[in-house]
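Just so you know, these numbers come straight off a predicted model, no measurement behind them. Numbered from 1 within each chain, the chains take letters A, B, ... in sequence-line order.
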Amino acid sequence: GQQVMQIPQYQHVQEGEDFTTYCNSSTTLSNIQWYKQRPGGHPVFLIQLVKSGEVKKQKRLTFQFGEAKKNSSLHITATQTTDVGTYFCARQGGKLIFGQGTELSVKP
Amino acid sequence: EPEVTQTPSHQVTQMGQEVILRCVPISNHLYFYWYRQILGQKVEFLVSFYNNEISEKSEIFDDQFSVERPDGSNFTLKIRSTKLEDSAMYFCASKNEGGSGNTIYFGEGSWLTVV
């Protein structure tokens, strides 16, 4: 249906290592959004991808939208302790349907 | 930067009691939402509201829930008879245009504990 599946559920990395979270849908997505939620905080919008094969970068964060518009990924290069939090993908068609999120912990 | 504000930040209530969570969306926004997040789980859509009426609601949003925009600024979520499983963080959100073209901004949430 409208669900988006996200893996992994948890990721523990050493500071400086890379991190990737993946989002998949069984149906074609008109767009995919990514949010970050710090521990105890609220979801904060990071980016929206709309075009097939789109790649966007925000400093150390790279967002990709698959060619078939059924999957997306967020990659963080050289993680820092400030990257700690849960990263959610979400599809938007009016309302947001969130994936389960990937909780990232970074060991200094 | 404009923001969505929510009150209270935390409320503890007895099972069966009524609770009202309040939100002030961003002033020029037209679409309003309530989401909830049970501890450790994903954010779940409850209801969307536009033009003074519910535009969409989820299966979670049953008869014990209601929303209201009593004036030009507030947007409230009422839970009539709270249950233990209603314990969660409730997020209000808003955006200024329809469809998928605009960012949804979230408030900092109201943490509801039902005992």
**Report entry** Residue list, salt bridge (Lys or Arg N to Asp or Glu O under 4.0 Å) with Glu108(B), at least two apart or on another chain
**Finding:**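 Expected list: none.
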
Which portion of [X] sits near chain A, non-hydrogen atoms under 4.5 angstrom:
X	answer
Tyr50(B)	neither
Gln37(B)	side chain
Phe106(B)	both

Requested in this report: Step by step, work out the ring-ring contact (aromatic ring centres under 6.0 Å, His included) result for Phe32(B) and Phe75(B).
Outcome: CA-CA 8 Å; Phe32(B) 314 118; Phe75(B) 179 51; 5.5 Å; yes

Query raised in the report: Quick one: does Gln41(B)'s side chain have a donor or acceptor within less than 3.5 Å of a partner on Ile38(B)'s backbone?
Result: no

Report task. Using non-hydrogen atoms and a 4.5 Å limit, figure out which bit of Gln37(A) sits close to chain B: side chain, backbone, both or neither. Result ->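 For Gln37(A), the contact with chain B is made by the side chain alone.
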
Requested in this report: Among Ile, Leu, Val, Met, Phe, Trp and Tyr joined by side-chain contacts under 4.5 Å, find the other residues sharing a cluster with Val4(A) and list them by chain and number.
Outcome: Val13(A), Phe19(A), Leu29(A), Ile32(A), Trp34(A), Leu46(A), Ile47(A), Leu49(A), Leu61(A), Phe63(A), Phe65(A), Leu74(A), Ile76(A), Val84(A), Tyr87(A), Leu104(A), Val106(A)

